[in-house]
Amino acid sequence: MDNLLAQGVELAIFGMGTVFVFLALLIAATKTMSAIVLRFEPEVVSPTPDAGAHNGSALDQGRIVAIISAAITQHRNKNKQ
Amino acid sequence: MDNLLAQGVELAIFGMGTVFVFLALLIAATKTMSAIVLRFEPEVVSPTPDAGAHNGSALDQGRIVAIISAAITQHRNKNKQ
Amino acid sequence: MDNLLAQGVELAIFGMGTVFVFLALLIAATKTMSAIVLRFEPEVVSPTPDAGAHNGSALDQGRIVAIISAAITQHRNKNKQ
Amino acid sequence: MSRLLELWQTTGIVQMTLPQLLMIAIGLLLLYLAIKKGFEPLLLIPIGFGGILANIPGVDIAVGDGILHQFYVMGLETGVFPLLIFMGVGAMTDFGPLLANPKTLLLGAAAQFGIFSTLLGALYLTDIGVFNFTLQQAAAIGIIGGADGPTAIYVAGILAPEMLGAIAVAAYSYMALVPLIQPPIMRALTTVEERKITMVQLREVSQTEKIIFPLLLLILVALVIPSAAPLLGMFCFGNLMKESGVVTRLSDTAQNALINIVTILLGLSVGSKLGADQFLVSSTLGILSLGMVAFSIGTATGVLMAKLMNVFSVHKVNPLIGAAGVSAVPMAARVANKVGLEANPNNFLLMHAMGPNVAGVIGSAVAAGVLLQFAGG
Amino acid sequence: MSRLLELWQTTGIVQMTLPQLLMIAIGLLLLYLAIKKGFEPLLLIPIGFGGILANIPGVDIAVGDGILHQFYVMGLETGVFPLLIFMGVGAMTDFGPLLANPKTLLLGAAAQFGIFSTLLGALYLTDIGVFNFTLQQAAAIGIIGGADGPTAIYVAGILAPEMLGAIAVAAYSYMALVPLIQPPIMRALTTVEERKITMVQLREVSQTEKIIFPLLLLILVALVIPSAAPLLGMFCFGNLMKESGVVTRLSDTAQNALINIVTILLGLSVGSKLGADQFLVSSTLGILSLGMVAFSIGTATGVLMAKLMNVFSVHKVNPLIGAAGVSAVPMAARVANKVGLEANPNNFLLMHAMGPNVAGVIGSAVAAGVLLQFAGG
Amino acid sequence: MSRLLELWQTTGIVQMTLPQLLMIAIGLLLLYLAIKKGFEPLLLIPIGFGGILANIPGVDIAVGDGILHQFYVMGLETGVFPLLIFMGVGAMTDFGPLLANPKTLLLGAAAQFGIFSTLLGALYLTDIGVFNFTLQQAAAIGIIGGADGPTAIYVAGILAPEMLGAIAVAAYSYMALVPLIQPPIMRALTTVEERKITMVQLREVSQTEKIIFPLLLLILVALVIPSAAPLLGMFCFGNLMKESGVVTRLSDTAQNALINIVTILLGLSVGSKLGADQFLVSSTLGILSLGMVAFSIGTATGVLMAKLMNVFSVHKVNPLIGAAGVSAVPMAARVANKVGLEANPNNFLLMHAMGPNVAGVIGSAVAAGVLLQFAGG
Ligand code: NA
Ligand code: NA
Ligand code: NA
């Protein structure tokens, strides 16, 4: 029984620790993200919702295939080793 | 086969009996309920729908615990016997 | 492997064939249907949506029972043979 | 070339049997009646369309891994679909007229005589060798007389799933035919004087009564006939959500998105039981005929009970509203109103008939409980 | 006559046991509190009604093939219902106030102390022999302190399904009681001067930040505490649908039809665990008492953390908003606002309290992940 | 301390593999394209997000008892989700332009050449050893050329579930890219004079024709190609609900709440197939390349068929509307309209292109039936 209580203490310590570490990391990440966004996008811009217009360019399409190819190549190389 | 018909007759009698007894009881219960409600609440009051306001009092909270405790105590006593 | 390619060629031929035959039949059926509808209903009539009114006649009811009876009789006769 | 022949063998033209073709015609007829004649389209369109899909040869739609069979297994074998529909109907039901005049509950009781007399009729026809129904099947046929779609489907799904298609088709067709079936019976059993009876104005009912009533009904069900608790429990739950006034968003969803989704899936599931092999059997004729008898007897006993009540009561009841006791909400109440107006153009019976109308729903759910208890075990 | 006796034996009057009757009374009490006192009616009406249905004897509703048991198996044993609700809640959540003042995330962390101290309390009571909880059960009780209904139900469904009914009832009851539980604690731990602190106006947050935040949160979860990913993943998904602005129809459905349907089914499923045999056990008293303790400790540690932050920080935080860190969205934020107005009638804390309030949802989901990781294995 | 190490071992930082990280990046890319570039966001947001969830290590989300795997088993293994979406699409489809000019159905036939030539291409690449596709896999890749999401998912789910993720991503990405892929092909295959052709005004279509058409289509399917009946049956059912005008509430639900709920669940289910092990394989490159080829060929054959029809026909067809025969409703029709306006600013082809556009849906569903019939057995 005492063992159970010990497990509980351990769980409580690691639990609160994880919660604090996680939320502290989230604070840091959020501040960094906001700083980056606000640098590139100084004014608050409201997006056009449900934009029907298509803005895709040929680049996008190339980009998908390129990124996926790269990923696959890397994956295969890794598996070979 | 005749037996089946006899079962059917029995089922019909008990069935209609149950339906009538049930609805007669429901009439009595409904009349009693309405009489009680109308005594305590003579005027027709329309409730405020989706009331966001919370009207709970400390009493309510005590009441839950009290009723549940009583129920559990009674249940345990009964099981002991 | 070559066999697989042969299967593919066959599937492609039959597939495109079926698609064309099907849609050609659909053209014919659609034109026939439209011709019939337009003969009996020369003007474009917009129906009253969600018609609550019931227009059923005693005939309809007779018709259901009659058609289903006929169907069952035929089915039973066929099964006897 | 042999491949082309093989292709030809897979077509429906080759594989379709005459009974399947006939069932497709029946499906088209149901769609015609639903669309052009206004026969309960909310159910008969999915059922009729599902019936057509169920008779397409060479592909699993209503059997095996087919989607309609999956819907059937998911919602009808389990009873989930009719119970969710009952919840939605509960959320749409106003017990006000019933609470204002509770004695009309007796009219809802009397109209259930149609259920039990039809059960006896089915067993009698078995006894004399015309049909061959079991007690379970007879009970499932009888419930058509309850004039309540989800109740009929729920009971048939448990007692006689092999007859579910025919029973559902009969129940909804006859509910649509209430304006044709009932008036002659109503006129035959009443005098013009009786049909002219005007009833006292219904009192206003308080919200508190409306909130308590579904709970009262539930508790009475729990005490008297627990086997009716799944049906009436879901019904009362829907009604409580509505009347409580504090969960409007749940009540709205139960009355709209949820009941609509379930109606589509339930209709298609019922349609999956319209396969030629299951539907084109002689018992279907029995089901269709006996179902009609059940409706007629229920109408008659409702009217007669109203006349009987008038013998003992000071406030007279117009016997026409007794016919509304079969349920078929709200069609039967409208019919009572219409026949009443023929006799007395100033006598609006609609609200008076809503009491027995919803009482009929309760009555047939209780009858369903008895049938499930004694024939289901 | 023997048949009549048999009929009598099937009634609830004969079959009902006293514990069942008591549970029905408890169900009616929950409905009363929900309808008349406004206690979380969206959940407590289905739970209370389901609890009544679960205690009707002689018919399978909450067991076997009964509909409530089917809902339970379909949605609670699988975790699908609470996760879909979490998605809908995500689609209703505005992270704006949190993004404007990210340090309030720490308040949402501190308030989770209620979870872990209650876990310890449950194990201590086991150690001294008052109760007999396993580690899993203690963890499930602790999560009540997270003040987040779907998280509590999700965790309890995995770690201690036998206690699910009591845990859900406790969680929602105490969430409804937040306006009574929290203010005395908040006043006891703060001076009037502290309660008068006005906070700096929140900056406007751009749409891009709001779109990126749920993805940032998800990736951090994936890197740090993957076992919280089902809960927080669905939450972030709902939020992304809303903030992206390009799938309005999906976001609307997630916030309305879908969450309403799932709420009805989840509530009934939870109610199915209120059978007398499962609920009327001594551990229920422990759950109810410890749950209250958990709420109180979480409130206290939230407030104390805010005071601690003020020691190190230039922009002072009103410690009242620390109490909102327990979540109980949006009740706890409203309470913080109300208590703040008592001290300073011009100090509106509501928007400031929304930051810790949603931080509390994240915090308790992370805590749930830890519990599932270490107690679930 | 060893316990702390154990905790560290459970983090994603330790457990995440490089392929999983790459897949998370691909998921984020899909979200970026959906949100910022407007690439079919209704599907690509749930798919992309589901893809991220599927690559979080150390927790079951897309496998085992994980929620995405449950959605997959429930809706994709059974075919229920794509069929319900097809029903909703049917309820949103207007066959009016097709009925006014039925010969445009041939354009919808011609564009399916993309499906079958891609199937051959996949088998040829297998023959020369570049890839290693089975007949089933080749068929599932070909169906990308149908430019119809639910059809592609339905067919891939049956014939090649291991490729479902890549096929769905390809299908929706290329549908989004239609405005880039099609115009160069359309311009290359037509002269300016051809692109200037104005078409005769479409006649008005009666409601009766619109009601009968889905039934006619269904019966033709039943007679000719029953294996297409699940897809086209659900499509016609949705359309009949809409056109009948008597079940507005069912039709509205099919077009809104139901299709939205299913879209969310289907998208997440598809995303669950984007696990690194399944997606980062060489065949994915083949799928992406061949899918692009399929779209291009379908566009070309649609245009060429229109030119062929003009040889025999009095009322000339603008060959640009042939490109709309690939389906990709309504994007391809809009593209035809836009390219037409470049040549003749007063020539609005949109309504004329809607005929081949919906014909393309029928055509690819028929092609799917053939593939399921001959490759599925
Ligand atoms: Na009835
Ligand atoms: Na919380
Ligand atoms: Na297509």
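On a predicted model such as this, the values are computed, not experimentally measured, just so you know.
When all heavy atoms of E:Val59 and D:Pro226 are compared, the pair lying nearest together is CG1-O, 3.4 Å. Shown here for E:Pro41 and D:Val246, the closest heavy-atom pair between the two residues is CB-CG2, 3.6 Å. Pairing each heavy atom of D:Gly233 with each of E:Phe49, the nearest pair is O-CE2, 3.3 Å. Taking every heavy atom of both residues into account, E:Leu53 and D:Ala229 meet most closely at CD2-O, 4.4 Å.
Scanning residues 253-270 of chain D against chain E with a 4.5 Å heavy-atom cutoff picks out D:Thr253, D:Ala254, D:Ala257, D:Leu258, D:Ile261, ordered by number. Annotation: residues 71-83 of chain E contacts chain D through E:Phe71 [non-hydrogen atoms, separation under 4.5 Å].
The closest side-chain heavy-atom distance from D:Phe374 to E:Glu6 is below 4.5 Å.
Taken from OH in E:Tyr32 to CG in D:Leu215, the straight-line distance is 13.5 Å, to the nearest 0.5 Å. With values rounded to the nearest 0.5 angstrom, E:Lys36 atom NZ is found 5.0 Å from D:Ile211 atom CD1. From E:Ile45, atom CD1 reaches atom CZ of D:Phe237 across 8.0 Å, with rounding to the nearest 0.5 Å. Residue D:Leu250 holds its CG atom at 8.5 Å from CG of E:Leu43, rounded to the nearest 0.5 Å. The OG atom of D:Ser227 sits 11.5 Å away from atom CG of E:Asp60, with the distance rounded to the nearest 0.5 Å.
In this structure, the portions of E:Leu42 lying under 4.5 Å from any heavy atom of chain D include both its backbone and its side chain. In this structure, chain D has heavy atoms under 4.5 Å from both the backbone and the side chain of E:Ile35.
Applying the ring pair (Phe, Tyr, Trp, His ring centres under 6.0 Å) rule to D:Phe86 yields the partners D:Phe235; only residues at least two apart in sequence or on another chain are considered.
Among the candidates E:Pro46, E:Gly50, E:Gly66, the residue making the largest number of heavy-atom pairs closer than 4.5 Å to chain D is E:Pro46. Of the residues considered (E:Gln70, E:Gln20, E:Met16), E:Gln70 shows the highest number of contacts with chain D, using heavy-atom pairs under 4.5 Å. Contacts with chain E were tallied for D:Val370, D:Ile225, D:Leu240; D:Leu240 has the most, counting heavy-atom pairs under 4.5 Å. The choice from E:Leu68, E:Asp65, E:Thr10 that makes the most heavy-atom pairs within less than 4.5 Å of chain D is E:Thr10. For the set D:Leu223, D:Leu84, D:Val224, D:Ile219, the entry with the most heavy-atom pairs within less than 4.5 Å of chain E is D:Leu223.
The side-chain hydrogen bond (donor to acceptor under 3.5 Å, both in side chains) contacts involving residues 79-94 of chain E comprise E:Asp94-E:Lys210, where partners must be two or more places apart or lie in separate chains.
Annotation for D:Phe116: atom CZ counts as buried by contact number, over 12 foreign heavy atoms lying within 6.0 Å.
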Handout entry: Residue pair D:Leu218, E:Ile52: steps toward the side chain to side chain contact (heavy atoms under 4.5 Å, CB included) verdict
Key = CA-CA 9 Å; D:Leu218 175 69; E:Ile52 298 175; 3.5 Å; yes
